[in-house]
**Student:** 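Before we start, here is the structure in question, set down as structure tokens.
We count ligands from 1, going down the list as the structure has it; atoms in each ligand are counted the same way. Side chains are part of it too, since the values below use all heavy atoms of this structure and drop only hydrogens, waters and symmetry mates.
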Amino acid sequence: MSDKAKVIQKDLKKFSVTPNLSDYDKTYKDFTWENVEKEEIEFFEDGTLNIAYNCIDRHVKTDKKDKKALLFEGANGEKEQYTFSDLKALTDKFANVLVSQSVKKGDRVFIFLPSIPERYVVFFGILKMGAVAGTMFSAFQEMALVDRLSDSGAKVVITNAALYPRIKKIWKDLPGLEKVIIIERGSEEQPVGEKIVYYKDEMDKAKSDFEISHMEKDDYSYMLYTSGTTGKPKGVMHAHYDILQAIVTTKYVLDVQVNDIYWCTADIGWVTGVVYATLGPWGLGVTQVMSEGRFSPESWYKLIQDYKVTLWYTAPTAIRMLMGSSVDPRDFDLSSLRQIYSVGEPLNPEAIWWGLDAYGLPFHDTWWQTELGGISITNYPALDIRPGSMGKPLPGIKAAIIDDEGKELGDGKEGNLALLASTISSLMKTIWRNEKKFNSYFIEKWYISGDKAMRDKDGYYWFIGRADDVIKTSGERVGPFEVESSLVEHPSVIEAGVIGKPDEVRGEIIKAFVVTKPGIEQTEELKEELKVYVKKHLAGHAYPREIDFIDKLPKTRSGKIMRRVLKAKELGLPVGDTSTLEDY
Ligand code: WTA
């Protein structure tokens, strides 16, 4: 029997804890967003709400007041703990700091920090006073930063002294940037300047009591730039009402229960870090673990062991790295683990089988996107797993496979993975200052994911691939255009075409085809130089691991790079329809 045909059957009687969702079919049938709204989130008396109230303040009014919200382990092993009351006081203070710096409701405030607890303080402080929180990876370099900060018109950036030089370099191109707030943690040299404000100084002065902003359901809460095939990254706008789907999925899918110790390994620069290392777990008042250190199999297993992590949400590239490592999980006590999950790229069946053997638990694959704001198609603790399948739609959400005209296709047919837009509670509100791009996501009532998929006769969805050129490398979404733009800024390069090339560990790696200027010697050294160039100018993770020199790029007659031709050639596949291809 092939792996595809094998099923991991669940026997609820053997579970030590009954899952929050124990009968998928029944829950799917009975579910309404209105009902869960009443159960899971709190509004103010005037019908408005605030994510920060739902994640922090409301717990302080209950016996969760002194419960540990965050267990932090720093890069050098230092440990810190924060209760919900601690977070309430700190986030109130930071909201006051922002007000004192003239930040207003709707202003964009960006976070550019490593994985330290202040990330949470500033994120919720921003939300409390009604500004929009923008999150970014600390691996970003000047090009990625300037794209995001200028497009959003960010008014304030919160960073640390080590990362500040990158902002300093581009500040001249950011007329809207009024202040930079510096967190001292981990810094050596302290930058000074009129527009530079120190977190600690301001927090010391601020009152630990703030009148939280009352936000409409659709008012913006956070924004995240994400990549498509064309153009620069786009600002995906999410609302305060997103908290509902964040909580419902954290409860029904990640199965968070009151005594869990939860660890989502995602960075807040990625949507998974915002929704599942921030909103969802604290919306349910659970204790979560945060680690500043870099990935290594030993340190991850040690963290699970030391903190007795019960729920672990991670990504396929990390799982494949753990799988390929010589470190044996059986050398650690990981018996606290109750359920484990994966997101961000296809999770290959081998990884699931390996997990079952290594941890005695199957990884549950979950599917969603930055634009969706929460898990939308997924596996559930109580539902049998078909390894290789992303599972079934979330209760509340209707999914379908449709053709390019919006017609629903039957089971077993490959097509566009679409969701009925009105059923996605946390769907983005718009694309920042780009209504046209926003509208391009929809065919009538359907939200089009850009992924190709198939549904089997039992309602399980199977991921096939992207319908466009978006690259997923180690789970990070990278637009080929960004990498191409960075390469052509190098003095030796005329043009570049960039594709994702399948890779056993990383899912895909970035591969660039580069046309150099006449007279330039095409050496291995130049390839290395180009890799470093992109790493230093765009982002640490978005550089091409492979580069080929090429005489000419395949283009359409209108001048668009045909990346699919590059990809087909690279993979030795048929090139397909080339009727629009310019002489090549
Ligand atoms: C891909 C991540 C296969 C997919 C939360 C999607 C997946 C894109 C899965 C969104 C999965 C995400 N199986 N592919 N379980 N999860 N993807 O915006 O192509 O970073 O469209 O959001 O990742 O990436 P994003």
Side-chain angles (χ1 to χ4, degrees), residues 135-137 222-229 233-238 242 245-246 249-250 253-254 264-280 313-320 340-349 351-352 362-380 385-394 399 416-419 424 426-428 431 441 447-455 460-480 482 500 502 506-508 539 541-542:
T135 68
M136 301 192 291
F137 287 113
Y222 75 95
M223 71 186 293
L224 245 170
Y225 277 81
T226 195
S227 302
T229 303
K234 311 284 188 298
V236 175
M237 305 305 291
H238 281 286
D242 270 40
Q245 192 169 330
T249 47
T250 305
V253 182
L254 306 179
C264 169
T265 60
D267 187 286
I268 208 176
W270 187 28
V271 72
T272 307
V274 176
V275 182
Y276 295 108
T278 310
L279 309 188
Y313 194 17
T314 189
T317 294
I319 297 169
R320 289 188 291 260
I340 56 181
Y341 306 89
S342 167
V343 65
E345 336 149 44
L347 182 65
N348 39 318
I352 300 187
F363 281 105
H364 293 82
D365 188 14
T366 67
W367 176 92
W368 58 296
Q369 307 179 298
T370 306
E371 293 86 339
L372 296 173
I375 295 171
S376 302
I377 295 183
T378 182
N379 289 280
Y380 307 80
I385 293 176
R386 302 192 170 178
S389 161
M390 342 192 258
K392 296 190 176 189
L394 184 78
N416 300 303
L417 175 57
L419 305 176
I424 316 161
S426 58
L427 180 65
M428 63 176 162
I431 297 288
Y441 280 94
Y447 165 86
I448 314 298
S449 68
D451 287 351
K452 295 267 182 202
M454 187 270 287
R455 182 183 57 225
Y460 282 81
Y461 282 76
W462 300 77
F463 179 82
I464 292 170
R466 279 296 296 181
D468 59 19
D469 297 332
V470 167
I471 302 168
K472 268 270 162 168
T473 179
S474 304
E476 319 271 3
R477 187 162 153 185
V478 177
E482 296 164 73
R506 294 189 166 80
E508 288 183 311
H541 61 270

**Student:** Closest heavy-atom contact between Thr370 and His238?
**Tutor:**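 Closest heavy-atom pair between Thr370 and His238: O-NE2, 2.7 Å.
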
**Student:** Please name all residues satisfying salt bridge (Lys or Arg N to Asp or Glu O under 4.0 Å) with Glu482, sequence neighbours left out, ordered by chain then number.
**Tutor:**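 For Glu482 there are no salt bridge (Lys or Arg N to Asp or Glu O under 4.0 Å) partners, ignoring immediate neighbours.
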
**Student:** With Arg506, which residues qualify under salt bridge (Lys or Arg N to Asp or Glu O under 4.0 Å), at least two apart?
**Tutor:**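 Residues passing salt bridge (Lys or Arg N to Asp or Glu O under 4.0 Å) with Arg506: none at all.
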
**Student:** When you look for protein heavy atoms under 4.0 Å from ligand 1, which residues do they belong to?
**Tutor:**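 Lining ligand 1: Trp270, Val271, Thr272, Val343, Gly344, Glu345, Pro346, Asp365, Thr366, Trp367, Trp368, Gln369, Thr370, Asp451, Phe463, Arg466, Lys472, Arg477.
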
**Student:** How would you list, by chain and number, every residue that makes a side-chain hydrogen bond (donor to acceptor under 3.5 Å, both in side chains) with Tyr341, sequence neighbours excluded?
**Tutor:**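 Partners of Tyr341 by the side-chain hydrogen bond (donor to acceptor under 3.5 Å, both in side chains) criterion come out as none, since no residue qualifies.
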
**Student:** Should the pair Phe137 and His541 be assigned to parallel (<30°), tilted (30 to 60°) or perpendicular (>60°) ring geometry?
**Tutor:**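 Ring orientation of Phe137 relative to His541: perpendicular.
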
**Student:** I'd like to know whether Arg466 forms a salt bridge (Lys or Arg N to Asp or Glu O under 4.0 Å) with Glu508, so could you lay out the CA-CA distance, the side-chain angles of the two residues, the decisive distance to 0.1 Å, and finally the verdict.
**Tutor:** CA-CA 12 Å; Arg466 279 296 296 181; Glu508 288 183 311; over 6 Å; no

